[in-house]
Amino acid sequence: MTVAGTEYATSLFWQPLQNRDDPYQEVEEASSGIMEGADLFCIKPGKAPQFGICVSEEGFRKGMDVAVVALATALSDRSSLVAVFKVENGWWYVCIRNDIILSDGDMLFLNEEDAKSQFESMMAVPDWRRRIAPPEWGYEDTEYPDLEKILARGGKAKLKKIKALRGTKLILVIVVSVSVGFYLLSNILSEIFFAPPKRPPVTVPIVPKAAPVQKLPEIKPWEKVKDPFQVMTGCQNAVVKLLTIVTPGWEIGQIKCSDSNAQTAWSRKVGRVSWIKKALEDSGVKFSGVLYSETGDQATVSLQFGPVAQKKSPPAYATQQLKLILNDFFQGIGQKISMTNSSFTSPEHNVYRSVVFKFSSKYKPVVWRDLLMKFSGLEIKSITYTPSTKQWDYEGAIYVL
C-alpha cells in the first residue's frame, strides 16, 4: 500500500522469533516449511521479537518498508490493538495482542465487507487496549488516528533476502567452490593423459518384466474432511431451531453436533409424554429421528443440518510448529485450550498425525468459525451446547506434516 508517497509492504506472515542473535536459520526453515516460495523477510524487534515472511513473486521487493512494524513501534504504549485503516488500494487490517502480531494480523483487504467481517470477529474478543476503525462504520469505543503520522514516527524496518549469503557462510561457499573446481580439473586431466584403453561394451540381453499392477493412490484423510465452515454454521442454526421449540413441562438437555447431525433430549419435569409429542409435531422442524424412552420420561431427537460438503484441506505445519502457533494465538485472545497428539495407521500402512484440541467458550460457532478456518487441515469433531450454562464445548483436530 502507498501512504503519503511511501510504498509499504503489508500482508506478511508473522511468527515468533526464538533466536535473536542468528535469526536466519529460523527464517529459512519457516520459508520452506510454512510458506513455500517465501524469499523475503523482516524482523520486528521489541519485548516479543518476531519475523515476517513473504514471496517476491506477489509484488514484494527487497528494501521495501514494512508497515506493521512501524505501526507496532509507534503504538507500543498499548500492547493490544485491533485496527482497520482505509488506504488508497483497500482496507488494511492489523491485529496485535500482548505485543505480538498475530499470524494473520497484517492483511490488506481489497473488499470492504471482508475487512469489516474480520474486524467484527476480533471485536468479540475482550480487553482490547485500542480499537481503530473508519468512523463511517459506526462502531462504539473506536478511534481513527492519522495513519500517515503513525507510520512516520514508527520504527523503520525493510524487507531483506532470506537466501542472501552472509559472513562465514559466504566464506564456506567460496572454499567449497574452489575445492570442487580443483577436483573437476584434476579428473579431466587424468581422463586425458592416464585413461586406460576402452574395451568394447558387453551386451546383456534384456529380460522383459511383467507389467506392475496399478494401485489407486490412497485417499488421505485431509482430502475428504467435512467442510468446517458448513459444520460450524449448520450446528449453530440447528441449535437455534431446537431452542425455539416450546415444550411445557419438559426440559431440554445438552445439544451435541457431529458431522452433519445435531442430537438432544428433553426430560419430563411435569405433565405427560403426549405433551412433548405434540410440541415436537407442531414445531415445524423436520427431525431425522425421534425416540421415546420406555418409561415415557425422555424424548431424544436427531436433526440433520447437512448435507455437508467434503473438501481438501492439506496440513501446513509440523506438530511442534502448530502447537506453538495455537498456543500463541489462544494466549493472545485469553482463551484456554488443551491439545493432545493423535495418529492412526491406514490400511495401506501409512501413518497420519494430527493435533486434537478442546476448549470451552461462551462465544457461538460463527465467531470461532472465522478464527479457526485460518488453519488448513482443520476437522471439527464435535460441538456441544449446554442451555443451562449457555456454554459451547468445541473439539477438533488439525492434521500435521
Side-chain angles (χ1 to χ4, degrees), residues 11-16 27-39 41 50-55 57-58 93 95 100-109 114 117-118 121-122 217-235 258-260 308-333 335 337-344 346 350-359 365-383 394-401:
S11 304
L12 276 71
F13 183 80
W14 291 93
Q15 292 286 281
V27 173
E28 286 182 16
E29 289 176 357
S31 68
S32 58
I34 297 177
M35 180 182 285
E36 186 176 352
D39 55 352
F41 80 104
Q50 291 177 267
F51 66 88
I53 54 178
C54 58
V55 183
E57 290 182 358
E58 296 178 358
Y93 162 80
C95 187
I100 297 171
I101 305 167
L102 299 192
S103 58
D104 58 352
D106 172 22
M107 298 172 66
L108 181 65
F109 289 94
D114 292 341
S117 174
Q118 181 75 10
S121 70
M122 295 309 295
E218 182 179 42
I219 299 176
K220 298 176 177 62
W222 55 76
E223 293 179 335
K224 55 177 182 179
V225 295
K226 296 283 188 181
D227 187 345
F229 187 96
Q230 293 183 17
V231 172
M232 287 186 275
T233 305
C235 177
S258 58
D259 287 338
S260 57
V308 175
Q310 292 184 345
K311 63 177 290 187
K312 289 185 179 181
S313 187
Y317 306 106
T319 301
Q320 293 307 314
Q321 283 179 317
L322 178 62
K323 283 187 170 182
L324 179 66
I325 292 169
L326 284 172
N327 276 323
D328 178 65
F329 173 73
F330 278 88
Q331 287 170 1
I333 59 177
Q335 171 67 51
I337 183 174
S338 65
M339 290 181 281
T340 56
N341 296 337
S342 178
S343 66
F344 73 92
S346 72
N350 292 316
V351 179
Y352 298 101
R353 295 178 174 82
S354 62
V355 172
V356 176
F357 63 86
K358 296 179 182 180
F359 64 91
V366 293
V367 175
W368 289 107
R369 177 193 66 193
D370 297 331
L371 299 175
L372 294 175
M373 284 298 294
K374 306 176 195 314
F375 296 97
S376 187
L378 171 68
E379 182 177 44
I380 301 299
K381 292 185 174 293
S382 68
I383 301 174
Y394 298 89
E395 180 179 358
I398 301 176
Y399 288 102
V400 294
L401 298 171

field: P16 to F51 - nearest heavy-atom pair and separation
entry: O-CE2, 3.5 Å
- request: For F109 and D114, work out which heavy atoms get closest and say how close.
  value: CD2-CB, 3.6 Å
- prompt: For the atom pair CD (Q230) and NZ (K311), what is the distance rounded to the nearest 0.5 Å?
  reply: 9.0 Å
task: Walk me through it: do I53 and Q15 pass the test side chain to side chain contact (heavy atoms under 4.5 Å, CB included)?
output: CA-CA 9 Å; I53 54 178; Q15 292 286 281; 5.9 Å; no
message: Using a 3.5 Å distance criterion without hydrogens, assess whether the side chain of D106 forms a donor-acceptor pair with backbone atoms of L12.
response: yes
message: Which heavy atom of V231 sits nearest to which heavy atom of K226, and what is that distance?
response: CG2-CB, 4.0 Å
field: Heavy-atom donor-acceptor pair, E58 side chain to V55 backbone, under 3.5 Å
entry: no
- prompt: Would you find a donor on one side and an acceptor on the other, under 3.5 Å apart, between the side chain of S11 and the backbone of L108?
  reply: yes
task: Enter the distance from L326:CG to I398:CD1 here, rounded to the nearest 0.5 Å.
output: 4.5 Å
statement: The reported gap from CG in L371 to NZ in K374 (rounded to nearest 0.5 angstrom) is 6.0 Å
- prompt: So does K312 have more than 12 non-hydrogen atoms from other groups sitting under 6.0 Å from NZ?
  reply: no
message: How close do W14 and L102 get, counting heavy atoms only, and between which atoms?
response: CB-O, 4.1 Å
query: Is a side-chain N or O of S121 found less than 3.5 angstrom from the main chain of Q118, in a donor-acceptor match?
result: yes
- prompt: Quick one: which of N341, L324, L401 gives a side chain to side chain contact (heavy atoms under 4.5 Å, CB included) with T319?
  reply: N341
statement: Interatomic distance, CG@L378 vs CZ@R369, rounded to 0.5 Å, equals 12.5 Å
- prompt: To the nearest 0.5 Å, what is the distance between CD1 (I380) and CZ (F229)?
  reply: 12.5 Å
- prompt: Tell me, do K220 and Y399 make a side-chain contact under 4.5 Å, heavy atoms counted?
  reply: no
Centroid separation W368 to F329 less than 6.0 Å: no
query: Any donor-acceptor pair under 3.5 Å linking the side chain of S376 with the backbone of P314?
result: yes
statement: Value for CD (Q50) from CG (D328), rounded to nearest 0.5 Å, stands at 7.0 Å
- line: Looking only at heavy atoms, the pair that brings V225 and S313 closest together is CG2-CB, 4.0 Å
message: Is there a side chain to side chain contact (heavy atoms under 4.5 Å, CB included) between I325 and F375? Walk through the geometry before answering.
response: CA-CA 10 Å; I325 292 169; F375 296 97; 3.8 Å; yes
task: Answer yes or no: does atom NZ of K323 have more than 12 heavy-atom neighbours from other residues, nucleotides or ligands under 6.0 Å?
output: yes
task: For Q320 and V400, run side chain to side chain contact (heavy atoms under 4.5 Å, CB included): C-alpha distance rounded to whole Å, both residues' side-chain angles, the deciding distance at 0.1 Å, then the answer.
output: CA-CA 9 Å; Q320 293 307 314; V400 294; over 6 Å; no
- prompt: For S346 and Y352, which heavy atoms make the closest approach, and how far apart are they?
  reply: CB-CE1, 3.8 Å
